[in-house]
Structure formats: C-alpha cells, structure tokens
Protein chains: 2
Amino acid sequence: MKTTGEILREKREKKGLLLRHVSAQLDIDIAILSKIERGERKATRDQINKLAEILDINKETLVIQYLSEKILYELKDEDLGIQALKVAEKTIKYGATKNK
Amino acid sequence: MKTTGEILREKREKKGLLLRHVSAQLDIDIAILSKIERGERKATRDQINKLAEILDINKETLVIQYLSEKILYELKDEDLGIQALKVAEKTIKYGATKNK
DNA sequence: ATTACCTTGACAATAATTGTCAAATGTAAA
DNA sequence: TTTACATTTGACAATTATTGTCAAGGTAAT
C-alpha cells in the first residue's frame, strides 16, 4: 500500500505542480511539504483535508491511510500493538457511545 | 471491558492502598492519579509500567487496554476510524519491517 | 557558472501534555 | 457539629512534542 507521502507526491507531480504551489495554498514553508511527502514529518489533520482538495485526491482513501499511519506511529515500539488494535476495533464496533 | 482507570482503582482498593501511597511511588501528585483512575487523564507509558508492578496487575492486560484507549482517543472524532484500524492491522501483520 | 527545484538541519514558535497547588467536596467517627 | 482524612476539582505552571521558519547545500538542466 502506498504511504500518505507517496500518494501526495505522485499526485502533485502528475498535476505538474511544484512544492511552492502547493505549500503556498497550505500556507506553510516548502520545506515542510517536502518532508511530509518523504514521510519525514506527519501532516496535520487540516493539511490532509486541504491536500485532498488541492490535489484532487479521494478524501476517504487519503484520510484512512493518514490515520492508519498515525496509529502505527503510536504503536511503533509496542509488542502488544496488534492485540491493542483488536481491542480497539471491538470497542469501536460495539460501545461506540460510552462517554457520559 | 474494563477501562484502564477502572482496573487501576479496583486493584488499588482491593489492596487497601490510598491514592497517596500509590502516587508517592509514581512520584506524582495525588490529583493526577485520581484523574487517571477516573479516566479524566491518560497515564504515561511509564506510569502504566510502574502501576502494573505496584498494584500487581498483569502487565499485558493493562498495557493492551491502555494502548487501545490511546488509539481510540486518536480516532474519537473520525468517521473512518474502523477502516483506518483495519489498514493499520494489515500493515502491522505484513510489512512489519519497512523503515529504511 | 546560473537558474530552478528540492532537501537538509539547526533552531524558534506554538500547541499539547503533564504536573502542582489550594480550595472544595464527601464521609465517617467522635 | 466538628474534626480528620480521602478524594475531587479547577486554575494555572512546567515540560515535552509538534509544527514551523530560515538559510545553506545538493542536483540537474541550460
């Protein structure tokens, strides 16, 4: 599966846009976008929304990939990651509404 | 399934320990432990380790619950949470080693 | 060599998390 | 009821993590 960064870079290039074009729209420095595309930094949730629009990427696909990377980042040093994911999945399926 | 906070409080009370006994061992203020037990704050990863020891709780169980809550917290406002979890799961099962 | 684009790394700004403290609340015994 | 103790609450301070800027350095085409 393609990483968020790969998706972004591919689409940007396919559209013939330069880092400066896109980063201007995001209102951030070129450097950050470069890092995001190469996976050296994570985008913010907001930037993901904007990028989907700017680059005309299917939002669901992009968000799912982005979120899954965020999760994996949380678990990167954990042995029990898979088990935790499964528990989380069950909880989200059932319980859904449990906050006071 | 019991929350991390519930596990901690139940075990502490079963052992007849007071907040101040346990928080002293964690080297934090009573207030934080109180909040952790009631789910108002998250414990740090370190505190979870120490708490498992202090309260004699099965570490795996506690850590899995703790991590799954952390994940769910990340996804709390997301519609695509479940999908993201599934992608994350697949990635962790396969890819495992993909960092440069 | 000059220009255009991208990358890299040191560091600053900002935001989120974790903590302290003191006052409020609850609770039970005297 | 008042005292004593445990816990809760909320305002705020300290710390840590994230996000950003900037300037210097690469690369390739001209």
Side-chain angles (χ1 to χ4, degrees), chain A residues 3-52 54-55 62-63 65-78 99-100, chain B residues 3-52 54-55 62-63 65-78 99-100:
Chain A
T3 66
T4 304
E6 284 165 355
I7 296 170
L8 295 173
R9 175 146 294 186
E10 281 178 20
K11 208 65 197 297
R12 175 174 66 80
E13 290 179 342
K14 197 166 290 173
K15 296 208 136 203
L17 296 170
L18 298 178
L19 285 179
R20 83 182 129 84
H21 296 135
V22 178
S23 64
Q25 294 210 59
L26 293 176
D27 193 31
I28 55 172
D29 196 274
I30 285 170
I32 298 180
L33 185 54
S34 166
K35 285 168 186 169
I36 290 171
E37 288 184 348
R38 285 171 301 104
E40 196 186 310
R41 291 259 183 121
K42 290 175 294 182
T44 66
R45 189 60 179 72
D46 225 70
Q47 288 163 350
I48 289 295
N49 284 334
K50 286 180 185 154
L51 284 164
I54 296 168
L55 298 177
L62 188 62
V63 170
Q65 182 56 35
Y66 169 74
L67 290 176
S68 88
E69 280 168 24
K70 244 180 122 181
I71 294 165
L72 289 169
Y73 179 77
E74 291 276 331
L75 300 179
K76 68 179 179 321
D77 301 323
E78 298 289 349
N99 301 4
K100 51 175 170 186
Chain B
T3 66
T4 304
E6 285 165 355
I7 296 171
L8 295 174
R9 174 145 297 185
E10 282 178 19
K11 210 62 197 298
R12 176 174 64 79
E13 290 180 341
K14 199 166 289 174
K15 294 208 139 203
L17 297 170
L18 298 177
L19 286 178
R20 85 182 129 82
H21 296 135
V22 178
S23 65
Q25 293 210 61
L26 292 176
D27 194 30
I28 55 171
D29 195 273
I30 285 171
I32 299 180
L33 185 54
S34 167
K35 285 167 186 168
I36 290 171
E37 287 185 349
R38 285 170 303 104
E40 196 186 309
R41 290 262 182 117
K42 290 177 295 181
T44 65
R45 191 58 180 77
D46 224 70
Q47 287 163 350
I48 289 295
N49 285 334
K50 286 180 185 155
L51 283 164
I54 295 168
L55 297 176
L62 188 63
V63 169
Q65 182 56 35
Y66 168 74
L67 291 176
S68 89
E69 281 167 24
K70 244 180 123 181
I71 294 165
L72 290 170
Y73 179 77
E74 291 276 332
L75 300 178
K76 68 178 179 318
D77 301 322
E78 297 289 349
N99 301 4
K100 53 175 168 184

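Below, chains carry the letters A, B, ... as their sequence lines are ordered, and counting in each starts from 1. What you are looking at is a predicted structure, and each value in this text was computed from that prediction instead of being measured.
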Salt bridge (Lys or Arg N to Asp or Glu O under 4.0 Å) against [X], all qualifying residues, sequence neighbours excluded:
| X | answer |
| --- | --- |
| Lys11(A) | none |
| Arg38(A) | Glu40(A) |
| Lys50(A) | Asp46(A) |

For [X] and [N], give me the distance from atom [atom1] to atom [atom2], rounded to whole Å.
| X | N | atom1 | atom2 | result |
| --- | --- | --- | --- | --- |
| Leu17(B) | dC5(D) | CG | C1' | 16 Å |
| Glu74(B) | dA16(C) | CD | C1' | 12 Å |
| Glu13(B) | dA6(D) | CD | C1' | 11 Å |

Tell me which donor-acceptor pairs under 3.5 Å the side chains of residues 20-33 of chain B have, and how far apart each pair is, sequence neighbours excluded?
from     : atom 1 : to       : atom 2 : distance (Å)
His21(B) : ND1    : Leu18(B) : N      : 2.9
Ser23(B) : OG     : Leu19(B) : O      : 2.9
Asp29(B) : OD1    : Ala31(B) : N      : 2.9

With sequence neighbours excluded, residues passing side-chain hydrogen bond (donor to acceptor under 3.5 Å, both in side chains) with Ser68(A):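 Not a single residue meets the side-chain hydrogen bond (donor to acceptor under 3.5 Å, both in side chains) criterion with Ser68(A).
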B/S/- along nucleotides 8-26 of chain D (protein heavy atoms under 4.0 Å) is BBB-------SBBBB----
